[in-house]
Each structure stands twice: as C-alpha cells, then as structure tokens.
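The next block holds one structure in the form of structure tokens; read it before the comments.
What you see below is based on every heavy atom in this structure, not just the backbone, and it leaves out hydrogens, waters and symmetry mates. None of these values were measured; they are calculated from a predicted model.
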Amino acid sequence: MKVPQFVADWIEKKKENGDDLLVALDKNWQGMEDSVRDWFDAEKERYELFARAWLDGYEVEKEPLYYVRFIPGNSASYLNLRRVDKGLILNTCGQDDVYKTKFTEKEIKNMNINYLAFAVPVEEVTE
C-alpha cells in the first residue's frame, strides 16, 4: 500500500516516540500536522489505510514534480535553485548537481505561492 510522504513521516515520528496506533490516529493530538489531519478528513477509508500501513508496512507515493516556467515556449525561462548559495536564478531546464529545476508543489509554495501559477508537470514538457 502507498501513502504520501507526510503520512509516512507521521508514522515514523509516532513510532519513534513510542506511541501506539490509537495515539497516532487521534486527530486531536497536539502536534499533528495539518496535512495529516486533512488527509484523514478527505476519506473515511484512510483510517483503515493508515492502520494497515502502521501494522504491515507501506511504500511512499512518489510526489509529482513540476518545472516553474515563467515564459511558455522559451527554454531559458525555467526557475532554477542554485544549491551553492540558495539563490533563485533563471536558466535552462537542465537539472544537475548545481541546479535544481524540478520541484514538488510544497517546495514551490515555500519559495513563493505565486509561482504555482507557472508550474508545469515535468512529464508534459518535451523539449
């Protein structure tokens, strides 16, 4: 069974704390991330999925990746994060050891929520 990374992180955190399954399932527990609480609220079946993941193990869902493309059709208009100094620069879409070009939705939001308007799924870009 697959769960999002944030759910896997919650499972590991609660197990490391020595908490039991019932404590981990308690949405009123202080310290529960909003993302985990919202995940539970989305579907009743997720409580059972969580319990199965806790007891039987799980795989982490691969998060979709996005380019932040400011000028459509221009290959030099992608947002890149340079790891060396953590500055944001515009460059081509190539990702390597120096430049990070593919981002999760959460990473984009953490940089600037307005960048989501320019997010393009990686699999849609063919250049």
Nearest 0.5 Å, please: how far is [atom2] in [Y] from [atom1] in [X]?
X      : Y     : atom1 : atom2 : value
Met111 : Leu79 : CE    : CG    : 5.0 Å
Phe118 : Ile71 : CZ    : CD1   : 9.5 Å
Asp26  : Met32 : CG    : CE    : 7.0 Å
Leu21  : Lys14 : CG    : NZ    : 11.5 Å

Intermediate values then yes/no, side chain to side chain contact (heavy atoms under 4.5 Å, CB included), Glu61 and Val3: CA-CA 6 Å; Glu61 292 175 349; Val3 296; 5.8 Å; no
Group every Ile, Leu, Val, Met, Phe, Trp and Tyr by side-chain heavy-atom contacts under 4.5 Å, then state whether Trp10 and Leu55 land in the same group. yes
Start with the C-alpha distance between Arg52 and Tyr58, add both sets of side-chain angles, then the distance that settles side chain to side chain contact (heavy atoms under 4.5 Å, CB included), and finish with yes or no. CA-CA 8 Å; Arg52 290 279 111 222; Tyr58 56 86; over 6 Å; no
Count the heavy atoms of every other residue, nucleotide or ligand shown that sit under 6.0 Å from CD of Gln5, and state whether that count exceeds 12. yes
Hey, is NZ on Lys2 packed in by over 12 heavy atoms from elsewhere, all under 6.0 Å?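 For Lys2, atom NZ is not crowded (no more than 12 foreign heavy atoms under 6.0 Å).
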Side-chain donor/acceptor of Asn17 to backbone N/O of Asp19, under 3.5 Å: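 No, the answer is negative, given that no donor and acceptor are paired below the 3.5 Å cut-off.
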When you measure from the side chain of Arg69 to the backbone of Ala119, do you find a donor-acceptor pair of N or O atoms at a distance under 3.5 Å? no
Within the structure provided, determine whether Ile11 and Phe6 are in side-chain contact (heavy-atom separation under 4.5 Å). no
What verdict does the side chain to side chain contact (heavy atoms under 4.5 Å, CB included) test give for Phe50 and Leu25, after you've listed the backbone C-alpha separation in whole Å, the side-chain angles of each residue and the deciding distance to 0.1 Å? CA-CA 8 Å; Phe50 185 89; Leu25 284 167; 3.4 Å; yes
How about Tyr78 and Tyr67: are their ring centroids closer than 6.0 Å?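 Ring centres of Tyr67 and Tyr78 closer than 6.0 Å.
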Mind listing the closest non-hydrogen atom pair of Phe40 and Ala24 along with its distance? CE1-O, 4.4 Å
Over 60° means perpendicular and under 30° means parallel, so tell me whether Tyr115 and Phe70 are parallel, tilted or perpendicular.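 Judged by the thresholds at 30° and 60°, the geometry between Tyr115 and Phe70 is perpendicular.
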With sequence neighbours excluded, residues passing salt bridge (charged side-chain N to carboxylate O under 4.0 Å, His left out) with [X]:
X      : answer
Glu12  : none
Lys109 : Glu105
Lys27  : Asp41

Give a yes or no on whether a salt bridge exists between Glu16 and Lys13, defined as a side-chain N under 4.0 angstrom from a carboxylate O.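 A salt bridge is absent here (no side-chain N lies under 4.0 Å from a carboxylate O).
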Between Tyr66 and Thr101, does the side chain to side chain contact (heavy atoms under 4.5 Å, CB included) criterion hold? Intermediate values first, please. CA-CA 8 Å; Tyr66 301 90; Thr101 306; over 6 Å; no
